[in-house]
Chemist: 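This is the structure I want to talk about, given as structure tokens.
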Amino acid sequence: MDRIRQLKERWPGSVGWIGFGVLGLIVTGLVIVLNGRIPGTASAERAEIEAIVRDYILENPEIIPEAVNRLQQREVINLISKNREAIETPYGSAWAGAKDGDVTLVEFFDYNCPYCRLSHPDVERLLKEDKNLKVVYRDLPVLGAQSREAALASLSAAEQGKYVNFFRRMFADKARVSTQKTIQVIRASGLDEARTARDMQSDRLKAVVDRNLELGNALGLTGTPSYVIGDRILSGAVGYDALKSAIAEARARN
């Protein structure tokens, strides 16, 4: 730490990024090591700064995971901020809860995903308990052709104003998604069958599915279910408590 203090006194402008927190030093130090440059410093000064950072990291390796996690969190926040409107704007009636809720939970899901079905009651419970929560459903068919077929029917339901009914019936039936199951749910949900059949063949809805997949890729989603709540991404069947905690955190930041 004496070397760090000496460094700050010697080059206050060049190393103001060090600050008073060890974590801030390591986060920036990792960036320096990875990028191999410090703006505004001569090569000799830069080499000494990098040597100090490297020594500190080697002496305190236990803080590297925390530093990397902090960098990842910043990247997630940046990704969500850049795509906020696309993430939180529902397609048609593909939403539930409070229309102008103070927190929006966005669920990326696949009708064929068993973990999505497992998590479905958690989101339903949150909707019942939290009258200021808005849930936006985003079809992300990643498990094959029948998932995509169901997603197209789902989006047609969104255009017909019957999305939530279709969505809940699909998950109420525990059978794997098939063409027959999708047809049965289309009928049970009161959709216009002829219109839905046309919609499922339309380039319009195929483009919506593709945009959802592109959005999921842009956010680095690796599977379903995935949730975007405030500035956080939660992946997998994280459970009721984790979702509720993320909602409370997002609400506190509003």
Side-chain angles (χ1 to χ4, degrees), residues 83-97 99 101 104-124 126-127 134-228 233-237:
N83 295 282
R84 178 79 66 186
E85 184 175 359
I87 294 168
E88 294 187 349
T89 302
Y91 186 77
S93 61
W95 64 277
K99 182 178 181 180
T104 300
L105 179 156
V106 183
E107 179 181 358
F108 289 79
F109 71 95
D110 185 312
Y111 284 117
N112 239 341
C113 169
Y115 300 105
C116 296
R117 183 175 295 107
L118 179 66
S119 299
H120 176 62
D122 296 327
V123 178
E124 290 291 291
L126 289 165
L127 280 168
K134 181 176 184 178
V135 173
V136 172
Y137 304 103
R138 200 156 297 284
D139 295 78
L140 195 73
V142 293
L143 297 175
Q146 291 180 326
S147 290
R148 188 177 178 92
E149 182 180 69
L152 290 166
S154 184
L155 292 170
S156 178
E159 291 189 344
Q160 295 179 53
K162 298 181 178 180
Y163 186 92
V164 174
N165 190 19
F166 179 89
F167 173 87
R168 288 172 173 164
R169 287 178 181 274
M170 284 292 285
F171 279 122
D173 185 338
K174 296 182 180 181
R176 283 187 59 81
V177 173
S178 63
T179 298
Q180 185 59 35
K181 174 179 174 176
T182 299
I183 291 172
Q184 289 174 349
V185 175
I186 287 171
R187 292 171 177 167
S189 302
L191 299 181
D192 182 322
E193 292 185 46
R195 173 181 171 178
T196 304
R198 290 194 302 271
D199 286 345
M200 290 171 67
Q201 299 301 318
S202 71
D203 291 337
R204 180 184 73 262
L205 293 191
K206 291 176 182 178
V208 175
V209 170
D210 290 340
R211 285 198 298 272
N212 284 350
L213 292 168
E214 290 168 4
L215 181 58
N217 185 60
L219 293 172
L221 305 185
T222 57
T224 54
S226 289
Y227 306 92
V228 177
I233 295 176
L234 289 78
S235 299

Chemist: So, taking the atom named CE in Met170 and the one named OG in Ser189, what distance separates them when rounded to the nearest 0.5 Å?
Modeler: 9.0 Å
Chemist: Test of understanding: with ring-ring contact (aromatic ring centres under 6.0 Å, His included), list the residues that count as partners of Tyr227, not counting sequence neighbours.
Modeler: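 None.
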Chemist: Any Lys/Arg nitrogen of Lys134 or Glu88 sitting under 4.0 Å from an Asp/Glu carboxylate oxygen of the other?
Modeler: no
Chemist: Tyr163: what forms a ring-ring contact (aromatic ring centres under 6.0 Å, His included) with it, not counting sequence neighbours?
Modeler: Tyr137
Chemist: Under the side chain to side chain contact (heavy atoms under 4.5 Å, CB included) criterion, do Leu219 and Ile87 qualify, and how do the steps go?
Modeler: CA-CA 10 Å; Leu219 293 172; Ile87 294 168; 3.8 Å; yes
Chemist: His120 pairs by ring pair (Phe, Tyr, Trp, His ring centres under 6.0 Å) with which of Tyr115, Phe167, Tyr111?
Modeler: Phe167
Chemist: Taking salt bridge (charged side-chain N to carboxylate O under 4.0 Å, His left out) as the definition, give me every residue that meets it alongside Asp192, ordered by chain and number, with sequence neighbours left out.
Modeler: none
Chemist: To the nearest 0.5 Å, what is the distance between CG on Leu140 and OG1 on Thr224?
Modeler: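 These two atoms lie 6.5 Å from each other.
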Chemist: What distance do Leu155 atom CG and Asp139 atom CG have between them, rounded to the nearest 0.5 Å?
Modeler: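 One finds 4.5 Å between CG of Leu155 and CG of Asp139.
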Chemist: Would you list the pairs meeting ring-ring contact (aromatic ring centres under 6.0 Å, His included) in which at least one residue belongs to residues 172-199, sequence neighbours left out?
Modeler: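 Passing the test, one end in residues 172-199: no pairs.
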Chemist: Might you point out which heavy atoms bring Ser93 and Val164 nearest each other, and give the distance in Å?
Modeler: O-CG2, 4.2 Å
Chemist: Do the side chain of Arg138 and the main chain of Thr89 share a donor and acceptor less than 3.5 angstrom apart?
Modeler: yes
Chemist: So which of Ile186, Asp173, Asn112 actually passes side chain to side chain contact (heavy atoms under 4.5 Å, CB included) with Lys181?
Modeler: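 Among the candidates, only Asp173 passes.
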Chemist: Return the set of residues passing salt bridge (charged side-chain N to carboxylate O under 4.0 Å, His left out) with Arg198 (not counting sequence neighbours), or none when no residue passes.
Modeler: none
Chemist: Please identify each residue that fulfils salt bridge (charged side-chain N to carboxylate O under 4.0 Å, His left out) with Arg204, with sequence neighbours left out.
Modeler: Glu159, Asp199
Chemist: Leu105 and Val135: side chain to side chain contact (heavy atoms under 4.5 Å, CB included), yes or no, with the steps?
Modeler: CA-CA 5 Å; Leu105 179 156; Val135 173; 4.1 Å; yes
Chemist: To the nearest 0.5 Å, what is the distance between NZ on Lys162 and OG on Ser156?
Modeler: 10.5 Å
Chemist: Quick one: closest heavy-atom pair of Phe108 and Val228, and the distance?
Modeler: CE1-CG2, 3.9 Å
Chemist: For Val177 versus Ala150, what's the shortest heavy-atom pair and its separation?
Modeler: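 Nearest pair, atom of Val177 first, then Ala150: CG1-CB, 3.8 Å.
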Chemist: At what distance, to the nearest 0.5 angstrom, does OG of Ser178 lie from CD of Gln184?
Modeler: 7.0 Å
Chemist: Let me confirm one number: the CG-CZ distance from Leu213 to Arg211, rounded to the nearest 0.5 Å.
Modeler: 11.5 Å
Chemist: Would you please test Leu205 and Met200 for side chain to side chain contact (heavy atoms under 4.5 Å, CB included) and show each step?
Modeler: CA-CA 7 Å; Leu205 293 191; Met200 290 171 67; 5.9 Å; no
Chemist: Hydrogens and angles aside, do Gln160 and Thr196 bring a side-chain donor and acceptor to less than 3.5 Å of each other?
Modeler: yes
Chemist: Can you name the nearest heavy-atom pair linking Leu215 to Ala86, along with the distance?
Modeler: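 Closest approach of Leu215 to Ala86, heavy atoms only: CD2-O, 3.8 Å.
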Chemist: How close do Pro121 and Leu118 get, counting heavy atoms only, and between which atoms?
Modeler: CD-O, 3.3 Å
Chemist: Could you report the tightest heavy-atom contact between Pro141 and Val209, atom names first, then the distance?
Modeler: CG-CG1, 3.5 Å
Chemist: Can a salt bridge be assigned to the pair Arg148 and Asp210 using a cut-off of 4.0 Å between side-chain N and carboxylate O?
Modeler: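 So Arg148 pairs with Asp210 through a salt bridge.
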